[in-house]
Every structure is written in structure tokens, then in C-alpha cells.
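Data block below; observations after.
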Number of protein chains: 2
Amino acid sequence: MAKAHKTIQPPGLERALDRLEHLCRAHGQRLTRQRRAVLSSLLSAGRALSAYELLERLRPEDGKSTPASVYRSLDFLMTLGVVHRLESTRSFIACEHPEAPHWVQFLICRRCGQVVEAEDERIAAATERLGQRLGFALDQRVVELTGVCEGCRENAARH
Amino acid sequence: MAKAHKTIQPPGLERALDRLEHLCRAHGQRLTRQRRAVLSSLLSAGRALSAYELLERLRPEDGKSTPASVYRSLDFLMTLGVVHRLESTRSFIACEHPEAPHWVQFLICRRCGQVVEAEDERIAAATERLGQRLGFALDQRVVELTGVCEGCRENAARH
DNA sequence: GGGTATTTGATACAAAGTATCATTAAAGGG
DNA sequence: CCCTTTAATGATACTTTGTATCAAATACCC
Ligand SMILES: [Zn+2]
Ligand SMILES: [Zn+2]
Ligand SMILES: [Zn+2]
Ligand SMILES: [Zn+2]
């Protein structure tokens with residue numbers, strides 16, 4: 001049975017966009033059409049997209065988006081914590097956690113591209129401790145674990 | 001007092017190149033002039049370099065290196081585990097640990113660019129456990145912690 | 001030293017990201 | 001609702017990073 005491609009439906013999307021609006025107000029930032037469109041597009045994709053893939057998906061709606069403006073919107077959404085950047089795949093993904101800025105870990109399947117956003121206490125604590133031990137005042141933690149997910153291993157098993 | 005720029009001197013460099021030779025033999029791989037030059041250059045730099053910075057440093061010696069060949073050498077050295085790639089800065093650094101392939105964490109100072117390679121048991125265990133819990137068979141772990149190192153914070157403190 | 005599979009060089013290109021500045025539009029107050 | 005202000009976008013051009021292809025060179029083994 002093929003698992004349906006994960007796509008956030010209108011209800012969840014609405015909620016996320018409302019949350020974006022509140023975050024903007026709270027931070028005294030402007031909520032523009034493009035910022036909404038970028039988040040919306042990432043959510044609808046239901047997976048990580050490169051900036052240029054995202055640009056392609058915006059084109060039909062908003063033919064005049066450019067790389068620079070997409071990157072600006074992404075940067076903005078990242079500072080709000082509603083979008084994350086995956087360094088190891090140079091792509092961007094909508095946050096799965098409704099809370100304020102947080103430190104997360106990503107698990108990435110190299111077969112199907114699935115990305116799981118985790119919030120592991122143990123890892124958070126261990127990285128913090130390492131930073132302290134080595135005298136670093138940390139402000140960014142990239143934890144990206146790549147491998148093969150369960151589903152893909154099962155598929156591979158039966159040839 | 002200005003701290004001298006960290007640079008690996010001939011003795012350590014020799015040892016690293018010998019190690020590279022042995023690793024190549026052990027893996028039945030060829031040790032070419034360029035591969036030696038790339039590792040040597042990274043070691044001498046004593047910091048992370050982008051592929052193109054590295055290319056510049058190779059030019060004087062070997063005027064006909066190209067981006068493609070540098071990337072190929074870097075890929076090769078990475079599979080041997082003697083060079084690491086920093087995803088969050090798109091750069092490469094010589095391994096500081098003489099052991100075979102290993103899982104490490106990097107601490108990166110966003111001020112001075114210093115990179116410390118750590119091998120923290122707790123983080124290793126915690127990431128492994130997270131992978132298992134979520135059903136991922138991990139084969140790559142990117143842990144890059146960015147912040148400000150102790151030295152840079154002290155410098156900043158006295159304006 | 002000669003044979004052979006691997007690696008490199010040369011060339012061209014693709015993908016990812018940024019700088020600059022004139023124009024547009026979001027937000028807030030009247 | 002309109003006007004003003006300030007921040008964001010559009011347009012353009014460019015930089016940086018990374019890859020594909022195939023002929024020529026070379027490391028390794030004997
Ligand atoms: Zn998140
Ligand atoms: Zn998978
Ligand atoms: Zn290492
Ligand atoms: Zn520093």
C-alpha cells in the first residue's frame with residue numbers, strides 16, 4: 001500500500017498562518033503576502049524544499065518572485081522559528097512544533113527524503129554541556145542525522 | 001598578546017601524510033599527488049577552508065588544479081575520514097583525531113572562525129538512541145554547534 | 001619498464017546565494 | 001478611507017559552490 005504523500009490540509013495550514021500573523025504582531029514585524037505564500041507553500045509541500053524548488057512553486061501564483069526575495073522571506077521565517085534550514089541538504093522545511101524558538105534535531109531519510117523534526121532533551125543537554133566545557137557560548141545548534149527510515153528499509157528488504 | 005595563528009608544523013604534517021599513505025594501502029586506494037597536496041594544504045591552513053580557498057592555495061604549487069578535481073580529492077579524503085566537511089559553513093577541515101572513521105561534533109566560533117573537533121560520548125549515545133527510537137538506521141551525523149569562543153568573548157568584554 | 005585501471009585536466013555548466021537601488025505596499029493614525 | 005512612514009519587494013546583475021563529460025595522464029602492480 002503506497003502511503004499518501006504527506007500534505008498539510010487547509011485546517012492545519014490555516015492554523016499555521018494564524019500563528020504566523022500573531023508572531024509578526026508580537027515581534028512588530030510585517031506580514032507580507034510573500035511571507036505568507038512562502039510558509040504556505042512549504043507547509044503544502046509537506047517536505048523540505050530547496051529555495052529554488054520553492055521559487056518554482058510560488059511562480060504560478062506570484063510570477064515575480066526572485067531568488068533574493070525568497071531567501072529574504074525564508075530568513076525572516078527562520079528568525080521567527082517557523083521555518084528551519086537543513087544544512088546538510090541545503091533545503092528548508094516548515095516547523096512541526098508550534099512553540100516559540102527551539103532547538104531541534106532532524107532525522108533525514110536519504111531514500112525517500114522524509115524529514116522528522118525531533119526535540120530530544122538528552123541531546124539538547126549534552127550539546128549544551130559540551131559547549132560549556134569548551135568555553136563556547138552557543139547560539140546555533142545544527143543536529144542532522146541522516147540514514148534510512150523504517151519504511152524504506154522494509155521496502156528494500158522485499159527487493 | 002596576539003596568539004600565533006595555529007599552523008601544523010612539518011613534524012605533525014609528516015605524520016599525517018604517512019597515516020594517509022597507510023590508509024590508502026589498507027583500503028587499496030591510490031595515493032596521488034593531489035590528494036597529498038589537498039590534505040597537506042588543509043593541515044597547514046590550521047582552519048576550515050572552502051573548496052575554492054583551498055584551490056587558491058594549491059595553485060602556486062600545482063597550477064592546474066580545478067574545482068572538480070579539488071572536490072574529488074576532498075570526497076576521497078572524507079571517505080577515509082581524514083577530512084571533514086562543515087555543512088553549516090560549506091567548508092572543509094583536516095581531522096584532528098588520528099583514529100579511524102568516527103562520529104564527531106564541531107564547535108565553531110562565529111567571530112574568529114576557530115573550529116574545535118570534539119568526540120563526546122554522551123552526544124554520540126543520545127543521537128544513536130534517537131535514531132533507534134524513530135526507526136532510522138543512521139549513517140551520517142552532522143552536529144555543528146556555533147557560538148562565540150572564550151577568547152572572543154574576553155576580547156569583546158574589554159571593548 | 002610496461003600494462004591497466006583510476007585519476008586528473010579541460011571545459012562547460014548547474015545550483016545556491018547575495019548586493020544594490022529604485023519601486024511598492026503593510027501598518028498605523030487621522 | 002486615505003495618507004504617511006518605513007520596511008519589504010522587484011529587477012538586475014553577480015558571486016560562490018558544486019557537477020558532468022571525456023580525452024589525457026599517472027599510480028600501482030608485476
Ligand atoms: Zn521547529
Ligand atoms: Zn525513507
Ligand atoms: Zn575527525
Ligand atoms: Zn573565537
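All chains are named by letter (A, B, ...) in the order of the sequence lines, taking the proteins before the strands, and each is independently numbered beginning at 1.
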Evaluate whether atom [atom1] of [X] has more than 12 neighbouring non-hydrogen atoms of other residues, nucleotides or ligands under 6.0 angstrom away.
{"X": "B:Glu61", "atom1": "CD", "answer": "no"}
{"X": "B:Arg25", "atom1": "CZ", "answer": "no"}
{"X": "A:Arg122", "atom1": "CZ", "answer": "no"}

Rounded to whole Å, please give me the gap between [atom1] in [X] and [atom2] in [N].
{"X": "A:Phe76", "N": "D:dA8", "atom1": "CZ", "atom2": "P", "answer": "7 Å"}
{"X": "A:Leu54", "N": "C:dA15", "atom1": "CG", "atom2": "P", "answer": "16 Å"}
{"X": "B:Arg90", "N": "D:dT15", "atom1": "CZ", "atom2": "C1'", "answer": "13 Å"}
{"X": "B:Tyr52", "N": "D:dT19", "atom1": "OH", "atom2": "C1'", "answer": "9 Å"}
{"X": "B:Leu49", "N": "D:dG18", "atom1": "CG", "atom2": "P", "answer": "13 Å"}
{"X": "A:Leu55", "N": "D:dT9", "atom1": "CG", "atom2": "P", "answer": "14 Å"}
{"X": "B:Glu53", "N": "D:dT15", "atom1": "CD", "atom2": "P", "answer": "17 Å"}
{"X": "A:Glu61", "N": "D:dT9", "atom1": "CD", "atom2": "C1'", "answer": "17 Å"}

> Which comes earlier along DNA chain D counting from the 5' end, the contact point of B:Tyr71 or that of B:Lys64, where each point is its nearest nucleotide?
Replying inline: B:Tyr71

>> Between B:Thr89 and A:Ser73, which residue's closest nucleotide on DNA chain D lies nearer the 5′ terminus?
In response: A:Ser73

> Do any of residues 19-37 of chain B sit with a heavy atom less than 4.0 Å from DNA chain C, and if so which?
Replying inline: B:Gln29, B:Arg30, B:Thr32, B:Gln34, B:Arg35

>> If you define the side chain from C-beta out and look only at heavy atoms, does anything of A:Leu86 sit under 4.5 Å from A:Glu144?
In response: yes

> Should the pair B:Arg19-B:Glu21 be classified as a salt bridge under the 4.0 Å nitrogen-to-oxygen rule?
Replying inline: no

> Is any NZ, NE, NH1 or NH2 atom of the basic residue among A:Arg110 and B:Asp139 found under 4.0 Å from an Asp or Glu carboxylate oxygen of the other?
Replying inline: yes

> With respect to the side chain of A:Thr66, which nucleotide from C:dA10, D:dG18, D:dG10 is positioned closest?
Replying inline: D:dG10

>> What's the closest nucleotide to the side chain of A:Ser69 if the choices are C:dT18, D:dG10, D:dG18?
In response: D:dG10

>> In this structure, is the centre-to-centre distance between the rings of A:His84 and A:His97 below 6.0 Å?
In response: no

>> Is it the case that D:dG18 (base atoms only) and B:Arg72 (side chain only) share a donor and an acceptor within less than 3.5 Å, ignoring hydrogens and angles?
In response: no

